[in-house]
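Structure, as structure tokens:
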2 protein chains.
Amino acid sequence: MRRPSMKELALRLGVDRSTISRALSEDKGHLVAPETRDRIREIAMSEGYRPDLTAAALRRGRSQTVGVLVPDLENETFINVIRAFMASLNAGQSKPATPLIAETLDQPGAAGQLIETFLSHRVDAIISLASTEADKSILEDAARDVPVVLAIRSLAALSLPSALCDDHIGGAIVAGHFAERGHKVVCQVQGPALATTFNNRATGFTRVCAEKGMHEISQAIYTGQATSSAGRKAFDAVLAASPRPTAIFAHNDAIALGLIEAIRLHGLRIPEDMALVGFNDIRIAQVLATPLTTVAYPVAAVGDYAGVLVKRLIAGDSHAESRSFAPELVIRRTT
Amino acid sequence: MRRPSMKELALRLGVDRSTISRALSEDKGHLVAPETRDRIREIAMSEGYRPDLTAAALRRGRSQTVGVLVPDLENETFINVIRAFMASLNAGQSKPATPLIAETLDQPGAAGQLIETFLSHRVDAIISLASTEADKSILEDAARDVPVVLAIRSLAALSLPSALCDDHIGGAIVAGHFAERGHKVVCQVQGPALATTFNNRATGFTRVCAEKGMHEISQAIYTGQATSSAGRKAFDAVLAASPRPTAIFAHNDAIALGLIEAIRLHGLRIPEDMALVGFNDIRIAQVLATPLTTVAYPVAAVGDYAGVLVKRLIAGDSHAESRSFAPELVIRRTT
DNA sequence: ATCACAAAAACAATCGATTGCAATCACGTT
DNA sequence: AACGTGATTGCAATCGATTGTTTTTGTGAT
């Protein structure tokens, strides 16, 4: 009743295990006589043979798994990048990889432990969407044992290939948009500084503010977390600024959502009294009472290219350069 | 430079591989003399020994992985149940399991393939949040090879243990709440019928409507998908009903979000002209302009108990009964 | 000094698939 | 009829850790 192993199939068929292995394999199949191969495949199918990937992994040194390190699974953007990544990675592969997923929640030190676990599982590659400066050396160490690719977040002076959103441009687009709409005084509510992401959005924004002669209130406002409740609280700081800004760049949509609530609580109208732009274009952004103007994250491009990078690295191809993809402004009703 | 294997450690230390194995193991450690054990552990640490879990899995028949089957990774509720599940499963375990995660997107037939992959990877257990009637026999087959636990969604006349939300009660609570608020005519916008979830919410709601003498407009309104855009479209059917309902039970928060938009577009006020209750209590629900009254899904209880079930099944404990946990109404401003 | 007994360590088989190498076979060539 | 060639298949080692079964070592008792 139990599913047979190759050994048992071999016994039943009167051939050697090695022949079974070859017959069942995609690339070694041509080494087996067509009739034998068909006979083997047929029996394997009817007996319900199920390959043991732990055995194959041990022997071949490849496990058909990839480690995915993500800061927060509740974040749609990460999920969508992971989806695109897996689709790209497995496109046209006869032996698709399954993701081992671990969440860091951006806790310092979490990455080390999790990556160690991935490596113990002999993952074929690691993709990290969770890279923070604290993890830099850990990632570089890991890269000596297995292909490591970064997505979404990069790190300063890092040798690892990455697939990113050009956050600098993202910030710049928003500032440009504010300028076009005639805003004179603006500000940004920035996410935590643990990743390049938010810093780049900030500098891109600030640069264009200067170019266009807009006044950015001096102190960017940091939120401890990039969540909507943090955004709500951050609005007090916006109001306290003098001169008071007429437009806010929220570094992500969750923060923007919180800001919307806070702005409404203060009886201000959006966009007349206060304009607002978010970042990422999460699903909810377009079904809000006032649909949110936001910067659409290039999830497909980033995920896709991360998959390409991993495939190249696995193939031993050294031509694995980092790339950034430009995000696009989606103008809705909050500006 | 490369990380050593046990064999190499054994060579370096002048002891047998088996001694290394025992020294490094939690439960067999006592078989090794304390000094030897310390010496081995120290060297293993300093040499950066990293156990090969593919080898261990092959030998021991346990891989320290669990397969997680989920319909949609963008759904917070599923994510939170998975989080609670993993935390519960690994609580106090010296050898924590890592999740292999696969998404069905509720495509018929997807589960079969994915489960087969899990089984090839020799997962120690499978948890399915994605069970639909079409997958029933597949899940039952899988359960003969490995512990299988269902969460969130159950199936009719199924022998597999499950950790569920009592959706029947959930629906009933909402109807009760409508009755208290004095509504006479109500309706529900139901999610797709592929899972027990939505059906149970519907029957619970309908039962209490009858008990309290409310008129539920005859035809429950089905949405093809349980998304906000589907919810928006569904509102046309609500308006078309005669008599027109004054309260809507949306089977999840995404649908409710879409309904809010549609209701506003028609110039109706919430809750004065139209009351609304959602289901799940996703994060966004409480930061909306009008915070959403909704049924809070017992994510922690469900995930937790699913973990307990898996642990029991792995331990060979037959005392693995299914349980349902009651959800709770969170009254906010849409009613 | 001998023996019993427990502790510690070594020995060796094993998990299941993969793969380099050797053996066999069929067939056409000279 | 002997031989080369290529196609099939079998043989056997291997991946790295785990574990049941010895063997060795050490201790205390008689």
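What's counted below: heavy atoms across the whole structure, side chains too, no hydrogens, waters or symmetry copies.
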With salt bridge (Lys or Arg N to Asp or Glu O under 4.0 Å) as the criterion, how do A:Asp16 and A:Lys7 come out once you've worked through the C-alpha distance, each side chain's angles and the decisive distance to 0.1 Å? CA-CA 8 Å; A:Asp16 191 79; A:Lys7 199 165 159 190; over 6 Å; no

Tell me the interatomic distance from [X], atom [atom1], to [N], atom [atom2], rounded to whole angstroms.
{"X": "A:Ile20", "N": "C:dG16", "atom1": "CD1", "atom2": "P", "answer": "15 Å"}
{"X": "B:Arg3", "N": "D:dA17", "atom1": "CZ", "atom2": "C1'", "answer": "17 Å"}
{"X": "A:Arg22", "N": "D:dC11", "atom1": "CZ", "atom2": "P", "answer": "12 Å"}
{"X": "A:Ile40", "N": "D:dT8", "atom1": "CD1", "atom2": "P", "answer": "13 Å"}
{"X": "B:Asp27", "N": "D:dT18", "atom1": "CG", "atom2": "P", "answer": "10 Å"}
{"X": "B:Glu35", "N": "D:dT25", "atom1": "CD", "atom2": "P", "answer": "16 Å"}
{"X": "B:Leu53", "N": "D:dT18", "atom1": "CG", "atom2": "C1'", "answer": "13 Å"}
{"X": "A:Asp16", "N": "D:dA13", "atom1": "CG", "atom2": "P", "answer": "13 Å"}

Does [X] come within less than 4.0 Å of [Y], counting only side-chain N to carboxylate O?
{"X": "B:Asp141", "Y": "B:Lys136", "result": "no"}
{"X": "A:Arg2", "Y": "A:Glu8", "result": "yes"}
{"X": "B:Glu103", "Y": "A:Arg83", "result": "yes"}
{"X": "B:Lys311", "Y": "B:Asp317", "result": "no"}

Below the 4.0 Å mark, does [N] have OP1 or OP2 next to a side-chain nitrogen or oxygen of [X]?
{"X": "A:Lys7", "N": "C:dA17", "result": "no"}
{"X": "B:Thr19", "N": "C:dA9", "result": "no"}
{"X": "A:Tyr49", "N": "C:dA17", "result": "yes"}

Counting heavy atoms from C-beta on, name the nucleotide in [options] closest to the side chain of [X].
{"X": "A:Ala33", "options": "D:dT21, D:dT9, C:dG16", "answer": "D:dT9"}
{"X": "A:Ala56", "options": "D:dT8, C:dT18, D:dA17", "answer": "C:dT18"}
{"X": "A:Ser18", "options": "D:dA12, D:dA17, C:dC21", "answer": "D:dA12"}
{"X": "A:Asp52", "options": "C:dG16, C:dT19, D:dA17", "answer": "C:dG16"}
{"X": "B:Leu58", "options": "C:dG16, C:dT19, C:dA8", "answer": "C:dG16"}

Once you apply a heavy-atom cut-off of 4.0 Å, does B:Thr36 come out as touching a base, just sugar-phosphate, or nothing? sugar-phosphate

Whichever of B:Val15 and B:Ala55 has its nearest DNA chain C nucleotide further upstream toward 5': B:Val15

Residue whose closest nucleotide on DNA chain D lies nearer the 5' end, B:Arg60 versus A:Arg17: A:Arg17

